[in-house]
Amino acid sequence: MLVREAKLKDGSAQQYQALDEAIRTGQFVRNKCLRLWMDTRGCTRAQMQALCKDLAKEFPFAKKLNSMARQAHAARAWQAVNRFYKNGREGVKPVGYPKFKKHSRSVEYKTSGWKLSDDAKTLTFTDGFAAGTFSLYCNSAAREDILRSQINRVRVVRRADGYYAQFCLDIERQELGNYTGNVLGIDLGLTYFVKDQNDNAVAYPQYLRKSERRLKRLQRRLSRKHRKGKKQSANSHKNRKQLGRAHLKVQRQRKDWAIKLARALVASHEVVAYEDLPVRNLVRNHHLAKSISDAAWSQFSDFLDYYGKVWGKAVVAVNPAFTSQDCYQCGRRVKKSLSTRTHECVCGAKLCRDTNAAINILNRGLEMLGISTEGHSETACVSQETPGETNPAAVDRQRLAVRVVTEPGI
């Protein structure tokens, strides 16, 4: 499934208010389905779907929402319940007990309740809220995908800078990449965002840190105008939107950085191994929580996996345990604190601890793929029988001869 996004523009205040009402109604349906699950032992997905029809009869505003849209929000509630059961079976902590939504920002339609123009330049909502017609602003590639593909769902998302329509298309993105045969092991960190086995490092721009001064100023301005228990002024709402747009800019900068870096790394290597960090546990350290959240390791790793699937390349997440402490040369475990940035072993190995970790990560990734490793003092690469192979996914990786770097910077 491919998701394309377009901004909804040229609408009146009443039209955007109708979208807000649809979003609140979708939230109401989801919360009611969740309450049914809490109150009914052995509640099934079919019972949640049946509840949608009863809500439409009982509440006139719920009937305004398209019937398939109500079912989509019931499916959201069941997804939360199903994830809770799955985490309990697999022993994942915390299990993620389903919670009621208080500030939803999206409403989801299936194949009805909306109508797209023949040129994909306007979108009309035809449900009971009668939001009307909006202009779609997107690039030509996204518009062409929307026109030529089957649309399974349309999701309306409210953000700080406006409303967006997300089109879920029934296609899988597959592209022909550049297959050089190189392999890469990367260590994620805060001093260097990425460091590979060849001691090449990439520093993170720290978008949140750079925007903190402006964010604090906008937050103070909003706090001064806030009146507890009273109706907020027009200036207060204006400042609230300014603060939201400032946070949205940081979010988009972070996402753009992750996309470009992940795309560049996967494009230039055929095998990429990275450490699967438990970010949820790491952010419990209040000294590093802000820096870890700003770095967005999970988002970056998600895009690594995504581009690996798009180009048919091997992207492997390995266990990060002891990758910084185990010696890449002799395998001896050398205990060190976070403040110790150099790996020194009795076997004579001396290099940056992040580079040592990157080599160990690469070796573990190649072992998971079933590729044999042999120590050499050359740059890591993979030799293929046919250079420029058009479909590397069809190549039997068991036959790839891999030469793994043993000395950084060579």
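Residue numbers run from 1 in the order of the sequence given.
Annotation: side-chain hydrogen bond (donor to acceptor under 3.5 Å, both in side chains) contacts involving residues 86-98, sequence neighbours excluded, are absent. Listed by first then second residue, pairs satisfying salt bridge (charged side-chain N to carboxylate O under 4.0 Å, His left out) with a partner in residues 289-301 read E212-K290, R254-D294, not counting sequence neighbours. Among residue pairs with one or both ends in residues 151-176, those qualifying as salt bridge (charged side-chain N to carboxylate O under 4.0 Å, His left out) are E5-R159, D20-R158, E108-R153, E108-R155, D161-R252, R173-E175; sequence neighbours excluded. Residue pairs satisfying the salt bridge (charged side-chain N to carboxylate O under 4.0 Å, His left out) criterion with at least one member in residues 119-133, sequence neighbours excluded, are absent. Residues in residues 147-174 take part in these ring-ring contact (aromatic ring centres under 6.0 Å, His included) pairs, two or more places apart or across chains: Y16-Y163. Legend: salt bridge (charged side-chain N to carboxylate O under 4.0 Å, His left out) pairs involving residues 298-312, not counting sequence neighbours: none detected.
Of the candidates K336, K195, R341, R341 is the only one forming a salt bridge (charged side-chain N to carboxylate O under 4.0 Å, His left out) with D354.
Scored by the salt bridge (charged side-chain N to carboxylate O under 4.0 Å, His left out) test, R41 finds no partners at all (sequence neighbours excluded). In this view, R35 and D39 satisfy the side chain to side chain donor-acceptor pair (under 3.5 Å) rule, not counting sequence neighbours. Residues that satisfy the ring-ring contact (aromatic ring centres under 6.0 Å, His included) test with Y274, not counting sequence neighbours, are absent from this structure.
Less than 6.0 angstrom separates the ring centroid of F28 from the ring centroid of F61. Ring centroids of Y204 and W257 are separated by less than 6.0 Å, placing the two rings close together.
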Name every donor-acceptor pair, under 3.5 Å, that has one atom in a side chain of residues 48-59 and the other anywhere in the protein, sequence neighbours excluded.
none

Give the table of side-chain donor-acceptor pairs shorter than 3.5 Å for residues 131-139, with sequence neighbours excluded, one pair per line with atom names and distance.
unit_1, atom_1, unit_2, atom_2, d
T133, OG1, T124, OG1, 2.8
S135, OG, D10, OD2, 2.9
N139, OD1, A141, N, 3.4
N139, OD1, A142, N, 2.7

Which pairs of donor and acceptor atoms, one on a side chain in residues 215-224, lie under 3.5 Å apart (sequence neighbours left out)?
unit_1, atom_1, unit_2, atom_2, d
S223, OG, Q219, O, 2.9

Exercise. For side chain to side chain donor-acceptor pair (under 3.5 Å), just list the numbers for S291 and R209, CA-CA rounded to whole Å, side-chain angles, deciding distance to a tenth of an Å, and then say yes or no.
Key: CA-CA 8 Å; S291 298; R209 299 282 184 179; 2.9 Å; yes
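In this structure, the side chain of N360 engages the main chain of T323 through a donor-acceptor pair within 3.5 Å. A donor-acceptor pair under 3.5 Å links the side-chain atoms of N356 to the main chain of D326, judged by distance alone.
Among all heavy-atom pairs drawn from M68 and K110, the shortest one is CE-CB, 3.6 Å.
From L123, atom CG reaches atom CH2 of W114 across 7.5 Å, with rounding to the nearest 0.5 Å.
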